[in-house]
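Labels below follow one simple rule: chain letters A, B, ... track the order of the sequence lines, proteins then strands, and each chain is numbered from 1.
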There are 2 protein chains.
Amino acid sequence: MKDNNDMPGHLARRFQQIAVAVFLAEVGDAGFDLTPVQYAALATIKANPGLDQVTLAGLIAYDRTTITGVIDRLAQKGLIERRASPRDRRARELEITDEGRRTLRKITPAVESAQRLMVRGLSAKEAEDLMRLLRKAIAAGNELSRAPLRE
Amino acid sequence: MKDNNDMPGHLARRFQQIAVAVFLAEVGDAGFDLTPVQYAALATIKANPGLDQVTLAGLIAYDRTTITGVIDRLAQKGLIERRASPRDRRARELEITDEGRRTLRKITPAVESAQRLMVRGLSAKEAEDLMRLLRKAIAAGNELSRAPLRE
DNA sequence: CGATATTGCTCAGTATGCTGACTATCAGTA
DNA sequence: TACTGATAGTCAGCATACTGAGCAATATCG
């Protein structure tokens, strides 16, 4: 371990740091003010209408205490609605609004361009390899974080 | 882009999330209370005695506004000392303390074990491939974040 | 030398992400 | 049905990260 900057942990942090910066830049240039986390939540709510917060958190591997704030901000922006579940009075059902749908549609090109930019130093094959290895490492470590993916 | 969870940005976030959790668990089990960020800063200060905050930030790619708090906490724990530079009255020179040196020495096995755990789903060759691809992608995107690496 | 630009650091504000604790509610069982 | 445990959500507190602003000191250049 000659260099601390060569450790997996450091590389993970750097890659995430760049990924977020690229995402915010692309989406910002397109005229939107949405974070990667907010985007993933919004897209998942659209794909799973009426889901509750815990389920949403599991689908994108967020902590349940973090998702509260994310949902607050999405609702504040008018992109989603949060209403009490008729079946479980503890739960809240999440629904995307028309405005949320419109935003999601218009933002998609910027999001996709950001994904390409993040790996712009790699060939297509290298990018695919990277994603495959990341998926494999993540699958093996899924239960190690407080907010694992739940399908 | 069938699944949002398959996008590079999401994989970056997940891998980082697991890396931090593994680091904190290993280091915590060893009896220490140090974050990945604090560890990297401490190790870099030890390797570059008397460096100033901006240089430190550049060496580990932290934002200059973030490093203030990290240094505060390291100093609070007695692991480093921060004193005015005699050459530049704006700058502060950072120095590791004996306590910091001791902590760094005792914590190293846990840190290394954490690095292995992060990629425990991968073969040795796969882990090496992953790190090579991450390094390459990061090198190409270095200037895209507000806190690039500066050597 | 003096005006200007740059640099080192800090601060306020916002957004993740986590720990741990708490309330309200639901589910299973004795 | 009453007790017990689990679950949905929130909150306070702490630690990264970043934006943008500002202050003090240094560097640069006409």
Salt-bridge contact Glu99(A)-Arg102(A) (side-chain N to carboxylate O under 4.0 Å): yes
Nearest-angstrom distance from the residue atom CG of Leu56(B) to P of dT16(D): 13 Å
Selection from dA8(D), dT10(C), dG8(C) that lies nearest to any side-chain heavy atom of Ala91(A): dA8(D)
Phosphate-side-chain proximity, Arg73(A) and dT16(C), N/O vs OP1/OP2 below 4.0 Å: yes
Nucleotide nearest Arg90(A) (side chain, heavy atoms from C-beta), chosen from dA24(D), dC9(C), dA6(D): dA6(D)
Gln16(A), nearest nucleotide to its side chain (from dG17(C), dA25(D), dA8(D)): dG17(C)
Side-chain N,O (Thr68(A)) to OP1/OP2 (dT10(D)) below 4.0 Å: yes
OP1 or OP2 of dT19(C) under 4.0 Å from side-chain N/O of Arg146(A): yes
Heavy atoms from other residues, nucleotides or ligands near CD of Glu126(B) exceed 12 (cutoff 6.0 Å): yes
Length of the CZ-P vector between Arg82(B) and dG8(C), whole Å: 16 Å
Contact under 4.0 Å: Arg13(B) side-chain N or O vs dG17(C) OP1/OP2: yes
Electrostatic pair Arg116(A)-Glu26(A), nearest N-O below 4.0 angstrom: no
side-chain contact (heavy atoms from CB on, under 4.5 Å) involving Thr55(B) - partner list, sequence neighbours excluded: Leu51(B), Asp52(B), Leu59(B)
Options dT26(D), dA8(D), dG9(D), nucleotide nearest the side-chain atoms of Arg89(B): dT26(D)
Sugar-phosphate only, base, or nothing, as touched by Thr65(B) at under 4.0 Å among non-hydrogen atoms: base
Proximal nucleotide (of dT16(D), dT19(D), dC9(C)) relative to the Gln38(B) side chain: dT16(D)
Separation of atom CG in Leu34(A) from atom C1' in dT14(C), rounded to whole Å: 15 Å
Nearest-angstrom distance from the residue atom CD of Gln76(B) to C1' of dC14(D): 13 Å
Position toward the 5' end of DNA chain D (nearest nucleotide), Lys77(B) or Gln17(A): Lys77(B)
d(CG, Leu51(A); P, dT7(D)) in whole Å: 18 Å
Residue Val37(A), side-chain heavy atoms: nucleotide from dG17(C), dC18(C), dC18(D) that is nearest: dG17(C)
Of Thr55(B) and Arg87(A), the one whose closest DNA chain C nucleotide lies more 5': Thr55(B)
Interatomic distance where CZ belongs to Arg83(A) and P belongs to dG9(D) [whole Å]: 13 Å
Any side-chain heavy-atom pair of Lys77(B) and Asp33(B) under 4.5 Å: yes
Which nucleotide in dC26(C), dT16(D), dC9(C) has an atom nearest any side-chain atom of Val70(B): dT16(D)
Sugar-phosphate, base or nothing in reach of Asp63(A), heavy atoms under 4.0 Å: base
Touch class at under 4.0 angstrom, heavy-atom based, for Arg64(A) against every strand present: base
Whether over 12 other heavy atoms sit under 6.0 Å from Glu81(B) CD: no
Sugar-phosphate only, base, or nothing, as touched by Ala21(A) at under 4.0 Å among non-hydrogen atoms: nothing
Touch class at under 4.0 angstrom, heavy-atom based, for Thr66(B) against every strand present: base
Interatomic distance, His10(A) NE2 vs dT16(D) C1' [rounded to whole Å]: 15 Å
Spacing between Leu24(B) atom CG and dT16(D) atom C1', to the nearest angstrom: 11 Å
